[in-house]
S.K.: 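The structure is given below, and queries will be raised subsequently.
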Amino acid sequence: MDKKSCFSVLELKQLLIDILEHGPNVCIRIRLIGEMWQENLVRVVGVTETRVLVYDEIRNKLISYEYIE
């Protein structure tokens, strides 16, 4: 993958914080490395130094993802 098209972990965290603070009606779709895209869109509900917490409204489920640098 071209370096110019990659996000750093810091840039990803800042984007998630911006969505959390300024985009209450914004949902995202997540794809983990080596997996297919998640089926449902999720809403960002929390961002910490090591994790992001999202809410899947379809499944009524909170999901936590850990950042890997």
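Throughout, residue positions are numbered sequentially from 1 according to the sequence presented.
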S.K.: Taking all non-hydrogen atoms of both residues into account, name the closest pair between Pro24 and Arg43 and its distance.
M.R.: O-NH1, 2.5 Å
S.K.: If two hydrophobic side chains count as joined below 4.5 Å and joins carry through other members, does Val47 share a cluster with Leu53?
M.R.: no
S.K.: Considering only heavy atoms from C-beta outward, does the side chain of Arg31 approach that of Met36 to under 4.5 Å?
M.R.: no
S.K.: Salt-bridge test for Arg29 and Glu39: reply yes if a basic N is under 4.0 Å from a carboxylate O, no otherwise.
M.R.: no
S.K.: Work out which heavy atom in Lys13 is nearest to a heavy atom in Glu49; give both atom names and the distance.
M.R.: NZ-O, 2.8 Å
S.K.: Do the side chains of Ile30 and Tyr65 get nearer than 4.5 Å, heavy atoms only?
M.R.: yes
S.K.: Does any N or O in the side chain of Glu11 come within less than 3.5 Å of the main-chain N or O of Ser8, such that one atom is a donor and the other an acceptor?
M.R.: yes
S.K.: Is there a path of hydrophobic side-chain contacts, each under 4.5 Å between heavy atoms of I/L/V/M/F/W/Y residues, joining Leu32 to Ile28?
M.R.: yes
S.K.: Considering only heavy atoms from C-beta outward, does the side chain of Val42 approach that of Tyr55 to under 4.5 Å?
M.R.: no
S.K.: In a check of side-chain contact (heavy atoms from CB on, under 4.5 Å) between Leu12 and each of Leu10, Val9, Leu16, which one passes?
M.R.: Leu16
S.K.: In Å, rounded to the nearest 0.5 Å, how long is the span from CG of Asn40 to CD1 of Ile58?
M.R.: 5.5 Å
S.K.: Would you say Leu62 ends up clustered with Val54 if hydrophobic residues are merged whenever their side chains have heavy atoms under 4.5 Å apart, either directly or through other cluster members?
M.R.: no
S.K.: Taking a hydrophobic cluster as the set of Ile, Leu, Val, Met, Phe, Trp and Tyr residues connected by side-chain heavy atoms closer than 4.5 Å, whether directly or through intermediates, do Ile63 and Leu15 fall within one such cluster?
M.R.: yes
S.K.: According to a 4.5 Å side-chain heavy-atom criterion applied to Ile, Leu, Val, Met, Phe, Trp and Tyr, with indirect links allowed, do Val52 and Val45 form part of one hydrophobic cluster?
M.R.: no
